[in-house]
Amino acid sequence: MRTLSFIRKISGKLFHRVFFTYSTIIFLTMASLFVFLSEYYSDFIIQREVDKHGTVIDELKSDFREKHQFVSQGVRNLYLEKDLIQDLAFSLQHDYEEYIGYRLEKFANSDSFVPYNFDIYVKNYFSRDDTVVALEIKNESLGTDYVYLFNHGRWQENTKGEVELEMDDSSRNESPFFYTVREQINDPISLDHLGTVSVYFTYDNLERIISLREETVKGAFLVTDEDMNVYFSHGDIPDGIVEAITYGTVQKELKLDDIYYLQSSVEPASELMMTAVIPRSELATLFTYKITILSIIMMLTVVAIALPYFSLRRHSKRVDQIVTRMREVQEGNLNIKIDTGRGNDDLSVISETFNETLDELNNYINKVYTSKIKQKEAELASLQTQINPHFLYNTLEAIRMKSLAEGGLTTAKMIVQLSELFRHSLKTAELVTLEEEQNHAHQYIELFKIRFPGQLTSHFEGREGLNHYLVPPFILQPLIENFLIHGFKQSSNDNRLQIKMREKKATLWIEIEDNGKGISEEKLAPLKQKLASGDSSSKSIGLANVNQRIKLKYGQAYGVDIESTPDVQTVVTVRLPVIER
């Protein structure tokens with residue numbers, strides 16, 4: 001049940017379904033590719049090895065053909081020289097003593113001091129081939145036999161010193177150690193059969209041909225006749241191979257204890273068959289190729305699955321983020337955003353649309369909230385208008401005159417400052433000039449200076465040329481008051497307050513700088529975060545009130561920022577749009 005539940009949970013996600021489908025397609029594709037390439041390269045490697053062995057077989061056939069041509073040419077040369085063929089014919093038709101007498105008489109009648117007969121010719125001509133071991137010239141009917149040994153050691157080693165060469169027509173090669181080539185000798189005039197020349201060759205040339213290619217060819221080689229008698233073999237011959245081979249030119253696959261690839265070809269001159277036997281087990285490159293192909297296919301499969309995995313995983317995380325944000329909105333949190341990413345895909349469009357929808361919803365809520373604030377301000381203004389300003393002004397003026405009459409000059413000055421502040425606070429205008437706002441702030445500072453004489457200096461900088469700009473009322477006085485209440489050092493006489501004003505890129509910048517107590521890092525960080533978010537729950541009522549009023553009126557690009565270094569400096573920056581009268 002748990003496994004089934006887990007599978008349902010996984011299959012319920014789009015990412016897992018897409019990734020599983022894609023991985024299955026890639027795996028099946030790569031598996032099919034491996035099977036195809038494996039079979040293709042197996043056939044390719046087998047055919048390549050067969051071709052190599054075919055080349056060796058051609059060279060072996062060429063060696064046998066050259067031996068026959070060599071013997072045939074030697075016999076033809078006898079016919080081309082009359083003295084040689086006559087000498088040979090006499091030797092085959094008479095016994096040895098008569099032949100010796102014939103040679104002596106012939107030499108005596110010759111003008112040359114160097115004897116030349118078929119015996120010398122045979123020794124000179126056939127000694128040119130180092131694989132010739134022996135030569136026999138025999139007249140079967142008369143029993144005349146001449147034997148020439150060109151390699152005594154090799155001949156005696158393989159015949160054990162017994163020179164018994166039976167001329168049996170039924171056997172082409174009576175010696176298992178030598179290959180015999182025979183040529184008939186006929187009388188050039190009567191064409192009567194005179195005898196047979198038998199030349200015995202070693203198989204050294206065959207060994208050399210194969211040995212030169214031992215590093216590139218595998219398996220064994222056989223030389224057999226039509227009756228499958230083995231004349232020559234090289235390498236290990238598996239059991240049952242000779243019995244399974246048929247005479248003729250063929251290329252086939254044979255299954256015994258192992259799989260063998262056979263290639264055979266018949267040499268016409270000798271009528272011998274050359275056969276190459278290639279065991280599949282010795283084709284190490286075949287296994288290497290398969291392992292290499294499998295490794296490459298596996299690596300490509302991993303790459304082909306891993307790359308889309310990370311790409312799909314990234315999209316899956318974005319989908320999960322969108323779903324999570326929607327659930328948060330469903331729970332009532334409207335102050336969230338979805339990261340749209342750097343791309344321009346469908347998820348980015350969905351995220352942007354979601355964010356724009358929330359922005360419009362928040363703007364609508366803020367408008368309703370702002371309208372309620374304006375309604376409250378209107379009600380406050382209505383209450384303020386119910387108080388008779390002239391009564392308040394006259395009362396304060398009467399108190400001031402009474403103080404002057406009694407000699408209270410300081411009290412009278414304070415009443416004047418308070419009267420000006422009160423008069424400015426009763427104004428209900430939505431915007432006031434920067435000059436009026438500065439005057440109000442100045443009156444407040446002067447009133448504070450009366451309370452703490454000689455302990456505070458103030459300076460307004462950059463006011464020229466900016467006084468006609470319009471700003472919301474009561475934006476400077478609460479910020480200055482914040483310093484005087486929280487940052488003013490009563491034990492110090494060098495408290496300094498500087499208000500700087502400047503215009504930059506259609507924005508009015510007002511900086512209120514003081515050298516008061518400052519704010520610790522632990523308190524400054526959350527304060528800055530609340531100001532950035534427009535939160536009005538801050539304990540610093542002046543800062544939060546001014547900041548929220550500006551953001552509600554002009555948007556998030558404007559408001560109040562604060563930077564502070566404890567016991568050194570605090571700078572409050574107000575950003576406002578430039579509005580001219």
Side-chain angles (χ1 to χ4, degrees), residues 60-81 84-96 99 117-188 191-206 223-227 229-232 267-273:
L60 297 179
K61 290 169 61 179
S62 177
D63 184 72
F64 280 102
R65 184 166 56 251
E66 289 173 359
K67 284 180 171 58
H68 280 266
Q69 292 174 353
F70 178 70
V71 174
S72 178
Q73 183 64 39
V75 173
R76 283 198 299 268
N77 289 342
L78 290 172
Y79 289 105
L80 294 176
E81 297 189 30
L84 289 179
I85 193 64
Q86 289 177 351
D87 188 67
L88 178 60
F90 188 89
S91 67
L92 290 175
Q93 294 174 349
H94 299 82
D95 60 22
Y96 187 71
Y99 172 63
N117 48 58
F118 89 91
D119 185 55
I120 296 174
Y121 167 77
V122 166
K123 292 179 180 179
N124 290 339
Y125 180 82
F126 288 96
S127 63
R128 290 185 298 175
D129 191 336
D130 61 352
T131 63
V132 176
V133 178
L135 180 143
E136 181 186 28
I137 302 176
K138 185 175 183 179
N139 185 327
E140 295 87 353
S141 60
L142 299 177
T144 305
D145 190 7
Y146 295 89
V147 178
Y148 299 88
L149 296 180
F150 294 89
N151 191 331
H152 294 76
R154 186 69 173 271
W155 180 262
Q156 293 183 4
E157 177 186 350
N158 291 297
T159 60
K160 296 181 181 179
E162 299 177 1
V163 183
E164 297 178 358
L165 303 174
E166 297 295 334
M167 303 301 295
D168 183 5
D169 291 338
S170 64
S171 174
R172 294 191 182 92
N173 192 28
E174 52 282 323
S175 173
F177 307 104
F178 308 113
Y179 174 67
T180 306
V181 178
R182 295 190 179 90
E183 284 284 339
Q184 298 293 327
I185 299 176
N186 299 320
D187 188 287
L191 299 180
D192 293 336
H193 179 71
L194 297 178
T196 303
V197 175
S198 300
V199 182
Y200 297 87
F201 295 88
T202 65
Y203 293 105
D204 292 348
N205 262 1
L206 303 187
V223 177
T224 57
D225 59 11
E226 187 175 0
D227 298 327
N229 297 312
V230 179
Y231 284 65
F232 168 82
E267 198 282 310
S270 63
E271 296 183 358
L272 296 179
M273 182 176 69

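Residue numbers count from 1 along this sequence. Note that these values count all heavy atoms, side chains included, but never hydrogens, waters or copies made by symmetry. Please read all numbers here as calculations on a predicted model, not as lab measurements.
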| request: Measure from the side-chain N and O atoms of Asp227 to the backbone N and O of Asn229, and report whether any donor-acceptor pair falls under 3.5 Å. | output: no
| Backbone N or O of Thr144 within a donor-acceptor pair of the Asn139 side chain at under 3.5 Å? | no
I need the [X] [atom1] to [Y] [atom2] distance, nearest 0.5 Å.
X: His68; Y: Gln73; atom1: NE2; atom2: CD; answer: 15.0 Å
X: Glu183; Y: Arg76; atom1: CD; atom2: CZ; answer: 8.0 Å
X: Asp119; Y: Ser91; atom1: CG; atom2: OG; answer: 9.0 Å
X: Leu135; Y: Lys123; atom1: CG; atom2: NZ; answer: 11.5 Å
X: Ile85; Y: Asp187; atom1: CD1; atom2: CG; answer: 7.5 Å
X: Asp87; Y: Glu81; atom1: CG; atom2: CD; answer: 11.0 Å

Before we go on, tell me: are the rings of [X] and [Y] under 6.0 Å apart, centre to centre?
X: Tyr179; Y: Phe232; answer: no
X: Phe126; Y: Phe201; answer: no
X: Tyr200; Y: Phe150; answer: no

For [X] and [Y], which heavy atoms make the closest approach, and how far apart are they?
X: Glu136; Y: Val147; value: CG-CG2, 4.1 Å
X: Val75; Y: Gln184; value: CG1-O, 4.3 Å
X: Thr180; Y: Ser198; value: CG2-CB, 4.1 Å

Determine whether [X] and [Y] make a side-chain contact, defined as any pair of heavy atoms from C-beta on separated by less than 4.5 Å.
X: Asp145; Y: Lys138; result: yes
X: Ile137; Y: Ile185; result: yes
X: Phe64; Y: Val223; result: yes

| said: My understanding is that only one of Thr131, Val132, Val199, Val133 makes a side chain to side chain contact (heavy atoms under 4.5 Å, CB included) with Phe178; could you say which? | reply: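 When side chain to side chain contact (heavy atoms under 4.5 Å, CB included) is applied between Phe178 and each of Thr131, Val132, Val199, Val133, only Val133 qualifies.
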| message | For the residue pair Tyr121 / Asn77, report whether a side-chain donor-acceptor contact shorter than 3.5 Å exists. | response | yes
| Distance-only polar pair, side chains of Asn186 and Tyr79, donor-acceptor under 3.5 Å | no
| request: Identify which one of Arg65, Lys67, Lys61 satisfies the salt bridge (charged side-chain N to carboxylate O under 4.0 Å, His left out) criterion when paired with Asp63. | output: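 Considering Arg65, Lys67, Lys61, a salt bridge (charged side-chain N to carboxylate O under 4.0 Å, His left out) with Asp63 is found only for Lys67.
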